[in-house]
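Residue numbers run from 1 in the order of the sequence given.
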Amino acid sequence: MQFMTTSRSEAETVFQVFKNAEGAELKPGEIVEYTNTATDADQGLSVELVDVACNITTGIAAKVAGVVTQTVPTGAIRRLQVFGPANVRASASFALGKLVVASSANATNIGHAILASASSDSMPQYRCSIVGWTLENGPNATNATVQLQIM
């Protein structure tokens, strides 16, 4: 992990190394999850886009790994942001201070954030998809500034 504090006037950010196992280019702001694999060298390193809808019973396919910070070619090793303020792709415009989770609302919104369910009986699988909290009223329906809490 790479912990960064650039100055006392900027928020801390934390990054983690990953390998793009998506089979396509990953773009900034996309949310990825760990790839389930039997290959020892890829365990805890390989990630792919969150490509299923998150729900309170099943969560997503695997734990959220982080948010992509730069364009990453297939098979390349780069870094993911796992803590701190980040621009995250969103499926809707969000209000300030809301909990968001990783999901894929439809074929257009793969690897995006959605608002968390208000249900009181959240299952552990659902909690594994938590990305963080919104830091502003969403500027539009395609991205949101989120305080990441993935680590």
Side-chain angles (χ1 to χ4, degrees), residues 1 13-151:
M1 286 194 166
T13 54
V14 178
F15 298 90
Q16 176 176 306
V17 173
F18 78 101
K19 178 180 177 183
N20 178 0
E22 174 61 28
E25 184 177 83
L26 294 173
K27 297 176 182 73
E30 291 180 328
I31 303 169
V32 294
E33 64 188 358
Y34 288 103
T35 302
N36 295 320
T37 177
T39 305
D40 291 346
D42 288 339
Q43 292 173 350
L45 181 65
S46 291
V47 301
E48 60 188 26
L49 282 172
V50 173
D51 57 4
V52 298
C54 178
N55 67 57
I56 203 159
T57 305
T58 61
I60 55 178
K63 185 185 182 312
V64 169
V67 174
V68 178
T69 59
Q70 64 188 53
T71 302
V72 182
T74 301
I77 296 177
R78 299 287 192 275
R79 65 183 192 170
L80 290 172
Q81 188 172 347
V82 295
F83 182 84
N87 188 325
V88 175
R89 294 193 182 215
S91 61
S93 181
F94 302 141
L96 172 67
K98 301 296 182 184
L99 179 67
V100 294
V101 295
S103 187
S104 287
N106 54 44
T108 303
N109 295 322
I110 298 173
H112 283 52
I114 62 170
L115 287 180
S117 168
S119 176
S120 62
D121 59 347
S122 296
M123 302 295 288
Q125 297 91 328
Y126 182 72
R127 288 193 292 273
C128 288
S129 62
I130 291 174
V131 175
W133 287 262
T134 56
L135 291 174
E136 65 178 345
N137 285 320
N140 56 54
T142 58
N143 64 17
T145 302
V146 174
Q147 174 64 33
L148 300 180
Q149 300 282 326
I150 299 171
M151 15 182 301

*Asks:* Do S104 side-chain atoms and G111 backbone N/O form a donor-acceptor pair below 3.5 Å?
*Replies:*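 At least one qualifying donor-acceptor pair exists.
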
*Asks:* With distance as the sole test, does K27 use its side chain to make a donor-acceptor pair with the main-chain N or O of V68 at under 3.5 Å?
*Replies:*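 No, because the side chain of K27 does not come within donor-acceptor range (under 3.5 Å) of the backbone of V68.
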
*Asks:* To the closest 0.5 Å, what do you measure between CD (E30) and CD1 (I110)?
*Replies:*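 It comes to 8.5 Å.
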
*Asks:* Donor-acceptor pair, distance only, cut-off 3.5 Å: does the side chain of Q43 make one with the backbone of T37?
*Replies:*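 Judged by distance alone, yes, a pair lies under 3.5 Å.
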
*Asks:* Which atom names give the shortest non-hydrogen contact between T71 and E25, and what distance separates them?
*Replies:*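 Smallest heavy-atom distance, with atoms named: CG2-CD, 3.2 Å.
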
*Asks:* Determine whether a donor-acceptor pair (N or O, by modelled atom type, separation under 3.5 Å) exists between the side chain of S103 and the backbone of A113.
*Replies:*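 Not at all, since once roles are kept as given, no pair shorter than 3.5 Å links the two residues.
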
*Asks:* What pair of heavy atoms forms the shortest contact from T69 to Q81, and how long is it?
*Replies:*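 So the two residues come closest at CG2-CB, 3.7 Å.
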
*Asks:* Testing L26, V17, V67, V32 for side-chain contact (heavy atoms from CB on, under 4.5 Å) with L80, which one passes?
*Replies:*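 Checked L26, V17, V67, V32 against L80; only one passes side-chain contact (heavy atoms from CB on, under 4.5 Å): V32.
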
*Asks:* How close do A102 and V50 get, counting heavy atoms only, and between which atoms?
*Replies:*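 Taking every non-hydrogen atom into account, CB-CG2, 3.9 Å.
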
*Asks:* Start with the C-alpha gap between L115 and V100, add the side-chain angles, then the distance that decides, and say whether side-chain contact (heavy atoms from CB on, under 4.5 Å) holds.
*Replies:* CA-CA 4 Å; L115 287 180; V100 294; 4.0 Å; yes

*Asks:* Would T145 and E136 count as having a side-chain donor-acceptor pair, cut-off 3.5 Å?
*Replies:*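 Indeed, the side chains of T145 and E136 share at least one donor-acceptor pair under 3.5 Å.
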
*Asks:* Distance-only, no hydrogens or angles: does the N20 side chain make a donor-acceptor pair with backbone N or O of A76 under 3.5 Å?
*Replies:*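 No, the answer is negative, given that no donor and acceptor are paired below the 3.5 Å cut-off.
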
*Asks:* Do the non-hydrogen side-chain atoms of V146 and F94 ever get within less than 4.5 Å of each other?
*Replies:*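 Counting from C-beta outward, V146 and F94 never come under 4.5 Å.
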
*Asks:* Pair K98, W133 - check side-chain contact (heavy atoms from CB on, under 4.5 Å), show working.
*Replies:* CA-CA 5 Å; K98 301 296 182 184; W133 287 262; over 6 Å; no

*Asks:* Once rounded to the nearest 0.5 Å, what's the spacing between atom NE2 of H112 and atom CG of L49?
*Replies:*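 Going from NE2 on H112 over to CG on L49, the span is 9.5 Å.
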
*Asks:* If only atom types and distance count, is the side chain of S129 paired as donor or acceptor with the main-chain N or O of G59 below 3.5 Å?
*Replies:*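 Judged by distance alone, no pair lies under 3.5 Å.
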
*Asks:* Ignoring hydrogens, what is the shortest heavy-atom contact between T35 and A21? Give both atom names and the distance.
*Replies:*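 Where T35 meets A21 most closely, the heavy atoms are OG1-CB, 3.9 Å.
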
*Asks:* List the steps, then state whether side-chain contact (heavy atoms from CB on, under 4.5 Å) holds for E48 with E33.
*Replies:* CA-CA 6 Å; E48 60 188 26; E33 64 188 358; 3.7 Å; yes

*Asks:* Just how far is it from atom OG of S46 to atom CD1 of I77, taken to the nearest 0.5 Å?
*Replies:*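 So the gap between those two atoms works out to 8.0 Å.
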
*Asks:* By salt bridge (Lys or Arg N to Asp or Glu O under 4.0 Å), which residues pair with D42, not counting sequence neighbours?
*Replies:*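 Testing D42 for salt bridge (Lys or Arg N to Asp or Glu O under 4.0 Å), a comparison that skips the adjacent residues, returns K19.
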
*Asks:* Do you know which two heavy atoms are closest between V47 and A65, and how far apart they sit?
*Replies:*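 Shortest heavy-atom contact: CG1-CB, 3.6 Å.
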
*Asks:* Would the distance check show the side chain of R89 and the main-chain N or O of P28 forming a donor-acceptor pair, the cut-off being under 3.5 Å?
*Replies:*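 Side chain of R89 to backbone of P28: a pair is present.
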
*Asks:* Passes side-chain contact (heavy atoms from CB on, under 4.5 Å), V88 versus L148? Steps please.
*Replies:* CA-CA 9 Å; V88 175; L148 300 180; 4.0 Å; yes

*Asks:* What's the separation between atom CZ in F83 and atom CD in Q149, rounded to the nearest 0.5 Å?
*Replies:*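 Here the rounded value is 5.0 Å.
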
*Asks:* State, to 0.1 Å, how close C54 and I60 come at their nearest heavy-atom pair, and which atoms those are.
*Replies:*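 Nearest pair, atom of C54 first, then I60: CB-CG2, 3.8 Å.
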
